Amino acid sequence: MNWRVWENPWRLMLAVNAAVLIGVFWHKITLPPYVPYIHLLVDYHFGFTKRALIGAIVSLFTAKVPVWLVFALSGAVWLITLGLFVKLFRKTFGFTREQLPLFVFMAGSPFFLKNFMHTLGHFDIYGCALTICLLLIPARSVVYVLLAAAFSIVLVMIHHIHLLMYVPTIAVIVVLRHYLVQGVTRQNAIVGIAALVITGPLFIAGQFYGTLPVPEAEFVRYLQSKMADPSQSNLLGFAYIWYQPLAKEILDTWRRLPSNILGVPVFALLIWLHTPLWRYFARLIGALAIENHRRIVIAAIVLVSAGYLIMFAIVFDYSRWVANWAVCLFVILHAVKMLPASREVPLISTDDQKTDVFGWVVTLIPRVGIVRPF
């Protein structure tokens, strides 16, 4: 294997991606962690509360929460996710010169690890990490379905919007890795239905009954009592989130729609830049040995995409939704590769000049953003 840069530019792309990641990190730690910090303060002190699981876990270890813990905790989760993805990629494809373009288009995508670095402290990455875990562990027994159900419950407790963001992808992985391979039995069908019965009401409880029963001023005073540095009370400006009803969220989203919709052409461009990856994905689906598997995979992609369309109508963090949608497709691609195929699918070419250009552009884009592109 010849890894010399002048004969293999994809290795240089990986080095540039690492440099870009460092730049995104240094920029991120200069920004006030408004939403991520308050999530570490909120717990179940006032009873069942939405978005409180992470804060409740933090409260088990410390009574006073420093601001730096946002970056320490989220940085650790980011590193774990990176390690899990590298392990998954090695398991699914291996690591040789031929696999490098595929790795760059996924790991180096501005939708994925670079954007998770920009959104350090937000809850999205937990869904990604748990879906990758499900791809790494054996899926032979009904315990796998139980574990997937537990992951879904944890994600909804972290934030109820995970029901649309990563829980559908978890369901897809369970179907592709367990039900299509092991078949549907009475036992695993009952467990799957039970998981749906539990997760759905839990989402409803978080969305409609997770609002705090005390005045906002009292809530803010409680949060201040948990701050290691109470002088940074400006970080509590998003306390209203725990009082905002769904109707208000939708109204805010539609008010911002005229300006936010301007980012759609940019999102379309970013998606187009991943064309070599999407073509490979399409070839993987087309090469599946069983026709019914192909139909199920296509239906699964439509289902996951529909969940993100609903989120577009409800919450205005458009850049995050597009980025996580792409990550879900990356994860599903690995699950599809694990299914029986009728033929070997050629990898992304390392000798195509257009693919090289796409790879460099994807490498140099540092992130997608949170609300608007970049």
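All figures in this text were calculated on a predicted structure; none of them were measured in a lab.
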Trainee: For V266 versus P373, what's the shortest heavy-atom pair and its separation?
Mentor: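 Of all heavy-atom pairs spanning V266 and P373, the closest is CG1-CB, 3.6 Å.
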Trainee: When you measure from the side chain of S319 to the backbone N and O of R372, does any donor-acceptor pair fall under 3.5 Å?
Mentor: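 At least one qualifying donor-acceptor pair exists.
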Trainee: Supply the atom-to-atom distance F316 CZ to R256 CZ, rounded to the nearest 0.5 angstrom.
Mentor: 3.5 Å
Trainee: Can you check whether F312's main-chain N or O pairs, donor with acceptor, with Y318's side chain at less than 3.5 Å?
Mentor: yes
Trainee: I want to check something: taking the side chain as every heavy atom from C-beta on, are L102 and F89 in contact at a cut-off of under 4.5 Å?
Mentor: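 L102 reaches F89 side chain to side chain.
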Trainee: Keeping W278 on the side-chain end and I271 on the backbone end, is there a donor-acceptor pair under 3.5 Å?
Mentor: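 Flag set: sc W278 to bb I271 pair under 3.5 Å.
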Trainee: Looking at L164, is its backbone amide N or carbonyl O close enough to the side chain of Y308 to form a donor-acceptor pair, meaning the two atoms are under 3.5 Å apart?
Mentor: no
Trainee: Answer yes or no: does atom CD of Q353 have more than 12 heavy-atom neighbours from other residues, nucleotides or ligands under 6.0 Å?
Mentor: no
Trainee: From K87 NZ over to L136 CG, what is the distance, rounded to the nearest 0.5 angstrom?
Mentor: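 Those atoms lie 6.5 Å apart.
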Trainee: Mind checking whether Y243 and F219 have parallel, tilted or perpendicular rings, split at 30° and 60°?
Mentor: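 Y243 vs F219 ring planes: perpendicular.
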Trainee: Following the transitive rule for hydrophobic clusters with a side-chain heavy-atom cut-off under 4.5 Å over Ile, Leu, Val, Met, Phe, Trp and Tyr, establish whether I173 and L303 coincide in one cluster.
Mentor: no
Trainee: Check whether any side-chain heavy atom of W325 sits under 4.5 Å from a side-chain heavy atom of M311, and report yes or no.
Mentor: no
Trainee: If you group Ile, Leu, Val, Met, Phe, Trp and Tyr by side-chain heavy-atom gaps below 4.5 Å, do I137 and I332 land in one group?
Mentor: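 Both belong to a single hydrophobic cluster.
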Trainee: Considering only heavy atoms from C-beta outward, does the side chain of L236 approach that of M227 to under 4.5 Å?
Mentor: yes
Trainee: Please walk me through it: do F116 and N324 pass side chain to side chain contact (heavy atoms under 4.5 Å, CB included)?
Mentor: CA-CA 9 Å; F116 280 146; N324 282 284; 3.6 Å; yes
Trainee: Tell me whether R283 at atom CZ has more than 12 heavy atoms from other residues, nucleotides or ligands lying less than 6.0 Å away.
Mentor: yes
Trainee: Between P276 and L273, what is the shortest heavy-atom contact and its length?
Mentor: CD-O, 4.0 Å
Trainee: Which atom pair, heavy atoms only, marks the closest approach of V304 to C328?
Mentor: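 Nearest heavy atoms, V304 then C328: CG1-CB, 4.0 Å.
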Trainee: Does the pair R177 and L134 meet the rule for a side chain to side chain contact (heavy atoms under 4.5 Å, CB included), with working shown?
Mentor: CA-CA 9 Å; R177 295 201 64 216; L134 282 176; 5.6 Å; no
Trainee: Give, for atom CE of M13 and atom CG of D356, the distance between the pair rounded to the nearest 0.5 Å.
Mentor: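 One finds 5.0 Å between CE of M13 and CG of D356.
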Trainee: For the residue pair T96 / E98, report whether a side-chain donor-acceptor contact shorter than 3.5 Å exists.
Mentor: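 Note: E98 and T96 side chains meet the donor-acceptor criterion.
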Trainee: Can you hop from L79 to L14 via hydrophobic side chains spaced under 4.5 Å?
Mentor: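 Linked, L79 and L14 end up in one cluster.
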Trainee: Looking at side-chain heavy atoms only, is the closest gap between I22 and F25 below 4.5 Å?
Mentor: no
Trainee: So how far is it from D124 CG to Y126 OH, rounded to the nearest 0.5 Å?
Mentor: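 Answer rounded to 0.5 Å: 10.5 Å.
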Trainee: If you count heavy atoms of other groups shown closer than 6.0 angstrom to CD of Q187, is the number above 12?
Mentor: no
Trainee: Under 6.0 Å from the ring centre and within 45 degrees of the ring axis: does the NZ or CZ of R11 meet both conditions for the six-membered ring of F103?
Mentor: no
Trainee: Do I161 and L196 share a hydrophobic cluster, counting only Ile, Leu, Val, Met, Phe, Trp and Tyr and linking them when any side-chain heavy atoms are less than 4.5 Å apart?
Mentor: no
Trainee: Just by modelled atom types, is the G369 backbone N or O under 3.5 Å from a matching donor or acceptor in the N115 side chain?
Mentor: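 Flag set: sc N115 to bb G369 pair under 3.5 Å.
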Trainee: What's the shortest heavy-atom distance between T92 and M338, and which atoms?
Mentor: OG1-CE, 3.8 Å
Trainee: Hey, could you give me the CZ/CG distance between F48 and L202, rounded to the nearest 0.5 Å?
Mentor: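 Result: 5.5 Å between the selected atoms.
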Trainee: Side chains of S231 and D229: any donor to acceptor distance under 3.5 Å?
Mentor: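 Present: a donor and an acceptor within the cut-off.
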Trainee: Kindly say whether V86 contributes a backbone atom to a donor-acceptor pair with the side chain of K91 at under 3.5 angstrom?
Mentor: no
Trainee: Grab the two heavy atoms, one from L120 and one from P36, that are nearest each other, plus how far apart they are.
Mentor: O-CG, 3.6 Å
Trainee: Could you walk me through whether Y179 and N188 satisfy the side-chain hydrogen bond (donor to acceptor under 3.5 Å, both in side chains) test, starting with their C-alpha distance in whole Å, then the side-chain angles of each, then the deciding distance to 0.1 Å, before giving a yes or no?
Mentor: CA-CA 8 Å; Y179 288 105; N188 64 21; 4.5 Å; no
Trainee: Donor-acceptor pair, T253 side chain versus I314 backbone, under 3.5 Å?
Mentor: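 Pair found, side chain donor or acceptor close to backbone of I314.
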Trainee: Check the angle between the aromatic planes of F93 and H334 and answer parallel, tilted or perpendicular using the 30° and 60° thresholds.
Mentor: perpendicular
Trainee: Determine, using ring centers only, whether F111 and F330 are less than 6.0 Å apart.
Mentor: no
Trainee: Could you tell me whether the side chain of K114 and the main chain of T363 form a donor-acceptor pair under 3.5 Å?
Mentor: yes
Trainee: Could you walk me through whether V315 and R320 satisfy the side chain to side chain contact (heavy atoms under 4.5 Å, CB included) test, starting with their C-alpha distance in whole Å, then the side-chain angles of each, then the deciding distance to 0.1 Å, before giving a yes or no?
Mentor: CA-CA 10 Å; V315 186; R320 282 171 61 201; over 6 Å; no
Trainee: Less than 4.5 Å apart, any side-chain heavy atom of W10 and any of F105?
Mentor: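 Contact flag for W10/F105 side chains = yes.
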Trainee: Against I38, only a single residue in L223, V70, L235 fulfils side-chain contact (heavy atoms from CB on, under 4.5 Å); can you say which?
Mentor: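 By the side-chain contact (heavy atoms from CB on, under 4.5 Å) criterion, I38 pairs with just one of L223, V70, L235: L223.
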Trainee: Going through the checks in order, is the side chain to side chain contact (heavy atoms under 4.5 Å, CB included) test met by H122 and D317?
Mentor: CA-CA 12 Å; H122 288 271; D317 288 358; 5.5 Å; no
Trainee: Between W360 and L12, is any pair of side-chain heavy atoms under 4.5 Å apart?
Mentor: yes
Trainee: Which heavy atom of L84 sits nearest a heavy atom of C133, and at what distance?
Mentor: CD1-SG, 3.8 Å
Trainee: Quick check: is V154 connected to I198 through a chain of hydrophobic side chains (ILVMFWY, heavy atoms under 4.5 Å apart)?
Mentor: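 I198 and V154: one cluster.
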Trainee: Would you confirm whether S59, through its side chain, and A56, through its main-chain N or O, come within 3.5 Å as a donor-acceptor pair?
Mentor: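 It does hold such a pair.
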Trainee: Is the F238 ring parallel, tilted or perpendicular to the Y34 ring (thresholds 30°, 60°)?
Mentor: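 F238 vs Y34 ring planes: tilted.
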Trainee: Out of curiosity, L41 CG to I54 CD1, how far, rounded to the nearest 0.5 Å?
Mentor: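 The distance works out to 13.0 Å.
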Trainee: Which class fits the ring pair H118 and H27: parallel under 30°, tilted 30 to 60°, perpendicular over 60°?
Mentor: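 Parallel, since the angle between the ring planes stays under 30°.
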Trainee: So if I apply the ring-ring contact (aromatic ring centres under 6.0 Å, His included) rule between H162 and each of F151, F203, F123, which one comes out positive?
Mentor: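 The option that passes is F123.
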Trainee: Under 4.5 Å between any side-chain heavy atoms of K337 and Y280, yes or no?
Mentor: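 The answer is yes, as the side chains (C-beta and beyond) meet within the 4.5 Å cut-off.
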Trainee: Y37 side chain to V65 main-chain N or O, any donor-acceptor pair under 3.5 Å?
Mentor: yes
Trainee: Near Y209 OH, under 6.0 Å, is it more than 12 heavy atoms from other residues, nucleotides or ligands?
Mentor: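 Open.
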Trainee: Are T131 and V327 packed together at the side-chain level, in the sense that at least one heavy-atom pair is separated by less than 4.5 angstrom?
Mentor: no
